[in-house]
Amino acid sequence: MELKTKGKAASVTEPMVVRVTRNPEKIDSHTALLADDYLPGNLENFRAVLSSLDLTGFPISQPHVHGIKSTSHLAEGDIVAINTDGVINTLYRVNSHHNFLLATERCNSNCLMCSQPPRDREDVYYLHMLHRQLIPLIPKDCKELGITGGEPTLMGNLFFELLEQLKTELPETDLHCLTNGRAFAWNNLADKLGKMQLDRLMLGIPLYSDYYREHDYIVQAKDAFHQTIQGLYHLAANKQRIEIRIILQKQSIPRLVKLAKFIYKNLPFVEHVAFMGLEHQGYTPRNMDQLWIDPVYYMEELGEAVEFLSHKQLNVSIYNSQLCLLPRELWPYSRKSISDWKNIYVDECKSCSVFDQCGGLFVSGEKVHSEFLKAI
Ligand code: SF4
């Protein structure tokens with residue numbers, strides 16, 4: 001799915017965030033007109049104009065991007081960022097339940113299987129400036145919004161400003177923030193979050209082993225395990241809602257059941273535990289020898305870990321897994337979790353009787369997936 005396009009920018013002096021419309025009557029100062037077939041007369045009240053036409057020489061005073069290859073991926077009401085170089089990034093899709101805010105691409109971990117490897121460049125202020133414009137435009141009935149990175153807490157105070165703005169503008173929206181939790185080893189940050197009373201915020205925090213050396217190795221960061229555990233306790237003391245995320249890969253499988261027992265014994269306050277299939281994206285293709293195990297070969301460990309936690313009354317899910325690989329008794333835990341913009345089904349799925357219930361694969365799974373995928 002396309003989330004980025006480009007054209008020739010004119011009079012775009014600073015990045016701007018706008019809703020898009022194809023209706024020339026829907027004039028509003030936060031809206032850009034998508035004019036692909038013709039140019040109506042009343043452009044002055046639109047914030048910007050986007051067009052696949054070549055508008056060179058047209059007397060348009062508004063900021064505009066023209067000669068865009070295609071705008072067909074944009075739906076009425078989608079929200080985009082228009083950049084000074086003519087790049088148009090989709091920030092919010094009205095027809096999707098998988099919208100997220102990218103907080104920063106920086107990270108203080110460097111996980112072996114990171115699907116979006118960190119980039120060490122200053123992007124916090126630029127992204128925060130976009131989000132400040134974006135959040136008021138998001139429909140108030142937006143059900144769920146993700147916050148992702150990189151590591152969002154590296155935004156520093158702007159992380160809390162972002163959450164404050166979300167609380168004010170979108171009080172009915174569930175927020176799901178992916179963080180490694182290490183920053184909350186410093187109690188003042190967990191306290192600050194606690195004082196904000198964000199009842200709709202869930203923090204998704206990865207824990208890959210019950211043994212510190214293994215966790216630190218997987219995330220490639222010394223002391224990460226201890227910081228994350230300390231952070232989890234500080235968050236719990238501040239009544240924060242927590243989800244533990246465990247990526248299923250060769251390094252984490254041998255101690256998976258021990259990890260489940262560790263979570264029950266030491267972190268019984270968590271609201272949800274998600275066991276997640278590996279995505280072949282980012283670093284994973286480079287570290288295949290260390291990471292890849294056909295899911296069929298870890299079903300015994302997964303089943304034991306899931307059923308142990310479930311019998312202890314913890315809320316457990318399996319994400320990013322295909323039903324044809326899971327034993328039937330694990331099907332009730334399986335969720336359709338892959339974001340719509342990176343979710344596919346392969347040829348084998350076409351004749352499958354559980355197609356509608358199955359979450360399918362990541363786009364990247366087209367090349368690398370289990371040998372045992374088979375229509376049911
Ligand atoms: S064949 Fe495809 S649709 Fe059927 S269970 Fe397997 S992955 Fe899912």
Side-chain angles (χ1 to χ4, degrees), residues 1-3 73 93 95-100 112-116 143-144 146 148 176 178 204 206 208 243-253 256-257 260 272-310 315-376:
M1 181 172 292
E2 231 176 320
L3 294 174
H73 61 291
R93 290 178 300 130
N95 297 323
S96 172
H97 294 303
H98 296 111
N99 286 292
F100 62 90
L112 292 176
M113 62 290 171
C114 182
S115 59
Q116 191 169 338
K143 286 203 174 358
E144 187 180 10
T148 184
H176 192 276
L178 298 180
Y208 299 125
E243 170 189 81
I244 295 290
R245 306 194 128 209
I246 303 158
I247 296 188
L248 300 162
Q249 36 89 4
K250 209 193 250 178
Q251 305 287 325
S252 59
I253 297 303
L256 198 65
V257 177
H272 184 217
V273 182
F275 292 89
M276 308 174 62
L278 186 65
E279 183 176 4
H280 294 272
Q281 189 69 23
Y283 283 153
T284 299
R286 296 188 220 169
N287 295 324
M288 282 294 275
D289 288 352
Q290 290 197 70
L291 298 172
W292 172 246
I293 172 172
D294 193 306
V296 161
Y297 298 125
Y298 61 60
M299 285 302 151
E300 203 178 314
E301 291 87 344
L302 178 61
E304 197 178 335
V306 164
E307 289 188 337
F308 171 80
L309 289 170
S310 179
N315 180 21
V316 189
S317 298
I318 301 172
Y319 287 172
N320 318 339
S321 196
Q322 296 78 43
L323 291 180
C324 52
L325 306 181
L326 288 173
R328 292 258 172 179
E329 59 273 20
L330 294 184
W331 284 21
Y333 302 101
S334 177
R335 313 277 175 254
K336 289 176 128 186
S337 51
I338 300 175
S339 303
D340 53 358
W341 52 277
K342 52 180 177 179
N343 190 195
I344 58 154
Y345 293 82
V346 290
D347 283 348
E348 186 68 23
C349 305
K350 287 180 188 155
S351 57
C352 184
S353 61
V354 296
F355 181 92
D356 290 339
Q357 293 147 259
C358 179
L361 297 86
F362 286 109
V363 173
S364 55
E366 195 164 15
K367 287 192 200 133
V368 184
H369 57 68
S370 169
E371 286 176 41
F372 300 92
L373 280 189
K374 189 153 183 46
I376 294 171

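Read the numbers this way: they start at 1 and go in the same order the structure lists the ligands and their atoms.
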So the protein N/O/S atoms within less than 2.8 Å of atom 6 (Fe) of ligand 1 come down to C324 SG
Using the benzene-type ring in the case of Trp, are the ring centres of Y319 and F275 under 6.0 Å apart?
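So the answer is no for these two rings.
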Distance-only polar pair, side chains of H98 and E144, donor-acceptor under 3.5 Å
no
Parallel, tilted or perpendicular for F355 and Y345, by the 30°/60° rule?
tilted
E279 side chain reached by K342 side chain, heavy atoms, under 4.5 Å
yes
Inspect the contact between D340 and R93 and indicate whether a charged nitrogen and a carboxylate oxygen are less than 4.0 angstrom apart.
yes
Quick one: do E348 and K350 make a salt bridge, cutoff under 4.0 Å?
no
